[in-house]
Amino acid sequence: MAEPVLKVTDLTKRFGGFVALDTVNMELNDKERLGLIGPNGSGKTTLINCISGALTNEEGTVNFNGEDITQMKAHKRAHMGISRSFQIPKPFGTMSIIENLLVPMEYAAWDRVDHRNLREQAMDILELVGFKDRADENSASLTQVDMRKLELARALAAKPKLLVSDEAMAGLSGSEVDEILEILFALAERSVAIIMIEHIMRAVMRFSERIIVLDAGKKIADGSPDEVVSNPDVEKAYLGE
Amino acid sequence: MKTTRKISFRNWMLTGVLATGLAVSSVFAPVAKAADPLKIGFSMALTGPLAGAGKAALIAMQIWKDDVNKAGGLLGRQVEFVYYDDATSPSKVPGIYTKLLNVDKVDLVVSSYGTNEISPAMPIVMRKGLVFMSLFGLAVNDKFNYDRYFQIMPAGPIPKDDWSRGFFKLAMEQSPAPKTIALLSEDADFALSAVAGARRHAKRIGLKVVYDRTFPFGSPDVTSVMRAIKAANADLVYIGSYPGGSVGLVKAANELGLKAKMFGGGMVGLQFAGIQKNLGPLLNGIVNYDFWVPEKTLNFPGVNAFLKKYQVAAKGKGVDPFGHYLPPFAYAYLQILGDAVTAVGNLDQKKIAEYIHKTTFSTVVGNVKFAKNGEWATTRTLQVQFRDVAPNDIGQFNKPGKRIVLYPDSVKSGAIQYPFRK
Amino acid sequence: MKLDKFWISVVVVLVAGFAFTKLVDNEFYFFATYVVLQGLVMAVAWNILGGFTGYVNFGSAGFFALGAYTMVALNKAFGLPLPVMVLIAGTLSGLLGLGVGYISLRLKGVYFAIATLAIALVLETVVNNSHYLGGAAGTYVIQPKESFIFDNYIELLFMFMLLIAVVATAVSRYLSASRLGMGLAAVRDDEVAAECMGVPTLKLKLISTTTMGIFMGLAGSLFPFFVTFVDPVSAFSLLIAVNSIAMPMIGGTAVWYGPVIGALVLGVVQETATVTISSELNLLIVGVMLVGFITMAPRGIVGLYEDYKAKRKGQNNG
Amino acid sequence: MFTPELLLNAVVAGLMLGSFYAAVALGLSITFGQLDIVNIAHPTFVILGSFVAYIINENFGLDPVLIGVLFMPIFYFIGTTLYRVYYASFERTGQESLSGLAFFFGLMFIIEVVLILTFGVDYRLVEADYIGQTLHLGPLDFPYRMLVPAIAACIVTGAVVLYMNKTFMGKAILAVSQDRLALQLMGANPLQVKRIALGIAIATAALAGALLIIIQPVEPSVGRMYIGRIFAIVVLGGMGSISGTFLAAILIGVVESIISTFYGPSWAPAVGFGILLLTLAIRPQGIFGRA
């Protein structure tokens, strides 16, 4: 069996006295589509922050592509191919849409992109999210759903091996959720492993090959969507006792 | 991130703006015309921390100009001022004097008010070899040794020491003689120099320095300083301070019941009527420096006529209403320059300087003779003691009897009250 | 192509400046232009941090004064050749900038701004209490007699400052037009997102603060020879801090030529006001222009011009 | 020269000075700490308050503290108007951080210069019977010049704390800084809340200004000396916690007083800023702030 692209071992993260993550273990295979769910405050965002490097954990290790990246800074991890979108969109507001994509291309993907035709490559990605004709629009004035799309497009522009999508659909309407889901499927087809954090169960169930459930900082389930749904612990965590 | 075309266009625009900037400055190009009036140029602190004094000086200077022009001008030419506001900022001074000399082509220059605004003009004035009458610069010429520099403040030939000479002479005449002294200085040029002089006197005389500190300029909390001074329990308390600090210290000394025998020295601000009125009886007994007070012994020819004009002109200008401290000297430094120009008969700077060096001038501030370094040949820094000051009466300070001159003997108008508080 | 035109303008400006010293002997112009150029260097330097990365430096006067007082100390202690002392002064200010860059690790936004203000005030207190540097009373610096190939010392200072201004502008332009500039802009827009997009934010911020420090120090380094009398009040002048913020804001902070335009406009207006109206009005002018521009034209003169151009383009098309 | 009596008096003086600092910092604590409005012009509004006290005291002989209180409504109105401008120009467009800062910077200059053009740069003072008198309690001295402002400062700080904790609007102001969701749940309009909060902040400047001119003579640019000090106090106090601000003000006051009594006052300002820099480096949420 091939080496997993991401391997998290015994990861524990504390904020003061509060244990946000408690000895979490997880693996992710190449090109796998993983759903990460759990109630509010269960540690999902903390976990992906530790993976992407926005936070560093003092206990446990994070391995990516067989390399220990636990102490690595976020921008180095981005160089290695970890890319993420943000739950609350963080566009580079003074830049146009296409310039937003050029930043990760010039930095995170510096070693991986062909520098002769960056703009064309960016346009390819914009086409994927439907921004082909809006490349020079200012990014600060986009609608919520368009911001989410830009988040994903920008994450993809980093040419990642692992893409983390943090609640890209929260607060969107049904048809908008489908639009985003389409984009995520298209990304997965580009040989990218994806971790999707989502509250919208319909989307998670449809998208994920495998689902991990966190509750109060602990991993309580890890398996196929059907297994997870029928897991009594998960039910308890979501519905209370 | 920007397109090529845009950037290149803007480069040219930038060049254009630069060129325009240079072009705009050439608007000030001198307009050649017959120099009919005689132009005297200077910078003056009309805004900024020293503006109160600067504006008062300007009023006095304009009175001199009117007096001279009424009498036919200098060398038969009407006198005209060209002046710019230096905002009490030394960094503006070099530019102003260069403009005065190169663009406005003034015939004579005089200084702005205060050490920090005088010094930066020195290199420029020296390069042109001009006579430089200076208004209240403390020992500016120590560094430059310029033989055409003349300073009107009556500090004396060794300005930093002469400043407090009287204070210590008075102190040592008392019996029993004081043994200890506390020194305090606000942290800025004049105050530091004044206290440095006092420190040397103390050492020379053999007084024990029991407190010697500085406090930051404009500090709101001088009470704690005064408390420490009181605890030091010195016979003499010599202070160098600026108006804000002076007011705070006088109040604190009263609040805490300072027990010193002599208190005062180099406190700027106690010479101004507004502050005098506010402090009122708190001033009584304080011995402080001054330059001119309305005592009979200082009734020099022309001074009362001048002050009358000044007090009319000063109304509503936000300056000291009586004008005892600085204005007579601002009048006098032009008076001396005018007399010298008239005597020499032309604008030959070398001859004017020589004339000023060898002459004793009779001015509204008395007879003035300069020492080799351009300071007064003998000190006439007054030590005055506040007496019988009543509350809430500004008019009393325009009359004799409130500020008794104790030193120098030549103009003494009364005896010291010692210790300063009964 | 674009490189060529910029460098041609640089050469034109330098040659014109040199010709200026040879053709004009009215010293006033050099004094006035020197002050404008000093403001320009400060504005460009401030913008390298403030405009490009969004970190506001309130303590510009501290960097300026560090440059100035380094000169005072070096001149007094060793009396080295002017360019050597200038370089040392720039280096020291650059190091202070580097330190400030590390502060940005912990302090963002307003906290950072206040920290820079605090640093300037601590420096001022140190100078106030340093007798070697003249303390609060200030100290004299005598201009050297010889002035290289120039007729007098002010022409030398003018040319030197012009050179610094050109270098600062070129560096600022390089930073903004390059890959670095894109990274800096990303830091300004969203530091967390920038880091996750692979931008080494700390490194870029350190480059930015250090460059800013160097140029502010260089701007200050000539000051003692310019005024010949340095005291803390003028070296740490609040006007320096205000101008270095106001000039980029008026010109436009997003692009390298914004502070250049702002400095030229505000500088020329101020110098004109100094010799025509009064200096206090000068401060009022800065205040009113600053408030006016940021409330009504937040992208500065550059933004106004772009809007105007866009509007005209729209009319032509429509 | 160290005596217990001197130390005691230095501490007492520091307490009084610190209370006064609290009155000056109070408004900034509300604007900067709670509303995220970096009103660097706050000390200038304080100076404006001083000049109002000066004019009224000079012409009508009213007590400066009374003048300060009387003018609070007018300053309140200035504050609410200011917020309207601020909101329309910056907050609405999301430009508040950099531009807002520069806006207040410019405003500071405008107010200062207008004051200078109107009143000149001479030091102005107020007159009141108690100025110059001292209350002696055993070995302790309480100059009324310090004591009256200190008491007034404590009262106004207490009033603001009560208002914040006991009234609906006060709680809404606290919620603006801490919890936007709670604000929505309370049904308060954030714009109105912020407008009122800025009004209150500027209103405190009217009183603080009157207190300042009791303590020391004032000229238009005196305010600059307070910028650093009060920002230090607000940051030390933990941004927006009124009681934290008060404690921080007391701390700075006492430290400055002890330093200037025993070590020499010229280092006192650096000590204040040193504490600030250290705090920022080690504990950015302030000494008295929430973790």
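Each chain gets a letter, A, B and so on, in the order the sequences are listed, and its residues count up from 1. As the structure is a computational prediction, the values presented were derived from the model and not from experiment.
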Asp212(B) portion near chain D, given a 4.5 angstrom heavy-atom threshold: neither
Worked verdict on Lys277(B) versus Glu127(D) for salt bridge (Lys or Arg N to Asp or Glu O under 4.0 Å): CA-CA 10 Å; Lys277(B) 175 188 172 240; Glu127(D) 278 157 24; 3.8 Å; yes
Pair Arg145(D)-Thr223(B), side-chain donor/acceptor within less than 3.5 Å: yes
Spacing of CZ belonging to Arg227(B) relative to CD belonging to Glu5(D), to within rounding of 0.5 Å: 9.5 Å
Nearest atoms (heavy-atom pairs only) where Ala228(B) meets Thr261(D): CB-O, 3.4 Å
Test item: Leu125(D) and Val247(B) side chains (from C-beta on) under 4.5 Å apart, heavy atoms: yes
Distance-only polar pair, side chains of Ser224(B) and Ser257(D), donor-acceptor under 3.5 Å: no
Portion of Ala252(B) that has a non-hydrogen atom of chain D nearer than 4.5 angstrom: both
Nearest heavy atoms of Asp141(D) and Leu256(B), plus distance in Å: OD2-CD2, 3.4 Å
NZ/Lys160(B): more than 12 non-hydrogen atoms of other groups inside 6.0 Å: no
Pairwise distance OG1(Thr134(D)) to NZ(Lys251(B)) - rounded to 0.5 angstrom: 12.0 Å
Over 12 foreign heavy atoms within 6.0 Å of CG, Asn59(D): yes
